[in-house]
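Taking it in order: structure first as structure tokens, then the write-up.
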Amino acid sequence: MRILVCGANGQVGHELVDRARTYGLEALGMTREQLDITRTEAVCDAVHNLGPGLVINAAAYTHVDNAEANAAQAYAVNRDGAASLAEACRRTSIPLLHISTDYVFSGEARQPYKETDAVAPTGVYGESKLAGERVIQTTLQQHLILRTSWVYGVHGHNFVKTMLRLGRQRDALSVVADQHGCPTAAASIAEVLLELAKRHLKGERLAWGTYHYSGRSPCTWYDFAVEIFRQAAAKGLLDKEPKVSSISTSQYPTPARRPAWSVLDCSKFESTFGIPTHDWREELAGVLDALQRSETRQAAVHHSQA
């Protein structure tokens with residue numbers, strides 16, 4: 001059972017390719033250099049020639065701040081790339097599983113966002129991702145859009161790895177404490193998508209549409225940082241926990257506005273597919289363990305080469 005994974009170098013894409021075999025799937029991982037998803041005919045040719053049973057799109061322009069100054073590039077990937085993949089899947093009559101974001105909402109709510117809540121992105125990144133959702137919805141009936149939030153993992157750039165780096169460099173730092181969300185491990189997103197891919201390719205009928213999936217238990221970036229340092233110090237990844245001070249969003253200005261509330265209601269996904277979400281603290285422990293193993297391996301290689 002063959003699947004095509006776009007964005008294979010990203011946080012989730014890397015996990016999709018690494019974990020596919022455990023689900024009985026053969027993942028053809030494509031990086032941006034191997035397949036430019038903004039080129040519709042090239043994408044259609046690739047999907048036709050490779051013959052996957054479905055496509056998972058983990059490719060995206062995700063630099064929220066840079067998107068404000070590079071709107072054309074953000075839309076090219078997040079909207080036009082999604083359109084190319086949806087068209088390729090339509091022509092070959094296969095489904096598209098697509099990752100989207102909490103940034104399609106305004107962030108002004110105070111209760112978890114449901115899939116039916118009004119969308120109102122406040123920046124280019126969210127606007128371009130919403131445009132990608134809409135073009136998929138109008139192009140392809142067999143689609144599953146999975147909105148998620150605060151993604152972190154072993155690969156790529158993310159908040160956890162940044163905090164570990166800063167925790168090794170500083171005795172104290174300040175972190176925003178008035179933005180709320182649910183951290184989500186890239187590996188968990190990958191496992192969910194692979195499970196759904198496996199079900200479809202084995203003949204199970206999936207309920208197509210838009211769903212929310214994230215880690216369980218809302219927190220702030222400040223809470224997240226404190227827990228990262230606590231667990232990392234306990235595991236020996238840090239010599240000691242740095243002192244963390246809380247600050248407001250206004251004290252940490254950025255080119256793009258960040259949602260104050262990014263909490264997603266995942267009950268529709270859980271009830272539809274029978275797949276539970278996971279507490280982000282437990283997922284964090286697994287990611288830190290994996291990072292520790294990776295650092296141990298790298299240290300061993302350097303030692304052997306010395």
Side-chain angles (χ1 to χ4, degrees), residues 3 5 11-13 15-16 19-20 22-25 54-58 60 95-107 109-119 126 129-130 132-133 136-137 140-153 158-160 179-220 223-224 227 259 261-287:
I3 63 173
V5 176
Q11 292 193 78
V12 179
E15 297 287 356
L16 284 164
R19 296 168 183 267
T22 63
Y23 288 81
L25 302 171
L54 60 76
V55 175
I56 301 180
N57 183 30
L96 173 63
L97 309 186
H98 175 79
I99 301 170
S100 193
T101 176
D102 57 288
Y103 274 70
V104 300
F105 296 110
S106 69
R110 278 297 173 265
Q111 58 187 11
Y113 281 108
K114 295 180 179 291
E115 291 83 352
T116 52
D117 287 335
V119 291
K129 289 295 289 181
L130 178 59
E133 288 188 10
I136 291 171
Q137 291 162 350
L140 183 67
Q141 187 272 328
Q142 290 187 98
H143 71 265
L144 191 146
I145 295 168
L146 196 70
R147 293 176 181 152
T148 190
S149 64
W150 293 21
V151 181
Y152 68 95
N158 57 67
F159 186 76
V160 171
Q179 296 173 20
H180 300 76
C182 292
T184 313
S188 292
I189 300 169
E191 289 177 351
V192 160
L193 292 171
L194 291 169
E195 172 62 24
L196 295 178
K198 181 183 74 172
R199 292 182 186 185
H200 170 76
L201 293 173
K202 284 191 170 182
E204 181 177 328
R205 292 191 58 168
L206 296 183
W208 306 116
T210 301
Y211 296 89
H212 292 170
Y213 180 87
S214 67
R216 204 165 54 235
S217 303
C219 68
T220 67
D223 299 328
F224 194 15
E227 183 65 11
W261 183 261
S262 289
V263 182
L264 301 176
D265 183 332
C266 303
S267 58
K268 177 187 173 184
F269 179 87
E270 291 180 304
S271 62
T272 300
F273 299 110
I275 302 174
T277 57
H278 304 287
D279 188 280
W280 64 265
R281 295 170 183 83
E282 296 175 4
E283 292 190 315
L284 173 62
V287 169

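Under the side chain to side chain donor-acceptor pair (under 3.5 Å) criterion, Ser267 pairs with Asp265, sequence neighbours left out. Residues satisfying the side-chain contact (heavy atoms from CB on, under 4.5 Å) criterion with Ala207, sequence neighbours excluded, are Tyr211, Thr272. For Arg205, the side-chain contact (heavy atoms from CB on, under 4.5 Å) test picks out no residue, with sequence neighbours left out. Every side chain to side chain donor-acceptor pair (under 3.5 Å) that His212 has, sequence neighbours left out, goes to Arg147. Residues meeting the side chain to side chain donor-acceptor pair (under 3.5 Å) test with Glu282, sequence neighbours left out: none. For Gln142, there are no side chain to side chain donor-acceptor pair (under 3.5 Å) partners, not counting sequence neighbours. For Arg281, the salt bridge (charged side-chain N to carboxylate O under 4.0 Å, His left out) partners are Asp279, not counting sequence neighbours. Residues forming a ring-ring contact (aromatic ring centres under 6.0 Å, His included) with Phe224 (at least two apart in sequence, or on another chain): Tyr152, Phe159, Trp280.
Residues Pro112 and Asp117 approach most closely at O-OD2, 4.1 Å, considering heavy atoms. Looking at every heavy atom in both residues, Gly153 comes nearest to Val287 through C-CG1, 3.9 Å.
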With a 3.5 Å cut-off and sequence neighbours excluded, list the donor-acceptor pairs that the side chains of residues 181-201 form with protein atoms.
| unit_1 | atom_1 | unit_2 | atom_2 | d |
| --- | --- | --- | --- | --- |
| Thr184 | OG1 | Ser149 | O | 2.8 |
| Thr184 | OG1 | Cys182 | O | 3.1 |
| Thr184 | OG1 | Gly215 | N | 3.1 |
| Ser188 | OG | Glu283 | OE2 | 2.2 |
| Glu191 | OE2 | Arg19 | NH1 | 2.7 |
| Glu195 | OE1 | Lys198 | NZ | 3.4 |
| Glu195 | OE2 | Arg199 | NE | 2.8 |
| Arg199 | NH1 | Phe273 | O | 2.9 |
| Arg199 | NH2 | Phe273 | O | 3.2 |

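In this structure the side chain of Phe105 reaches within 4.5 angstrom of the side chain of Leu264, judged on heavy atoms. Counting heavy atoms from C-beta outward, Trp150 and Val263 have side chains that stay 4.5 Å or more apart. Two residues are said to be in side-chain contact when any heavy atoms from C-beta on lie closer than 4.5 Å; Phe269 and Ser214 fail this criterion. Looking only at side-chain heavy atoms (C-beta outward), Leu146 and Thr148 stay at 4.5 Å or farther from each other.
No option in Gln137, Glu133, His98, His143 other than Gln137 meets the side chain to side chain donor-acceptor pair (under 3.5 Å) test with Thr210.
Taking the ring centroids of Trp261 and His180, they lie under the 6.0 Å cut-off.
Side-chain contact check for Glu270 and Thr277: at least one donor-acceptor pair (N or O, by modelled atom type) lies under 3.5 Å.
No more than 12 heavy atoms of other residues, nucleotides or ligands lie within 6.0 Å of CD in Gln111, so this atom counts as exposed by the packing criterion.
Although no hydrogens or angles enter the test, the distance criterion places no donor-acceptor pair under 3.5 Å between the side chain of Tyr113 and the main chain of Val119.
With values rounded to the nearest 0.5 angstrom, Tyr213 atom OH is found 12.0 Å from Ile99 atom CD1. Atom-to-atom distance recorded for Leu206:CG and Leu144:CG is 7.0 Å, nearest 0.5 angstrom. Expressed to the nearest 0.5 Å, how far CD1 of Ile136 lies from OG of Ser100 amounts to 8.0 Å. If you take CD on Gln179 and SG on Cys219, they are separated by 11.5 Å, rounding to the nearest 0.5 Å.
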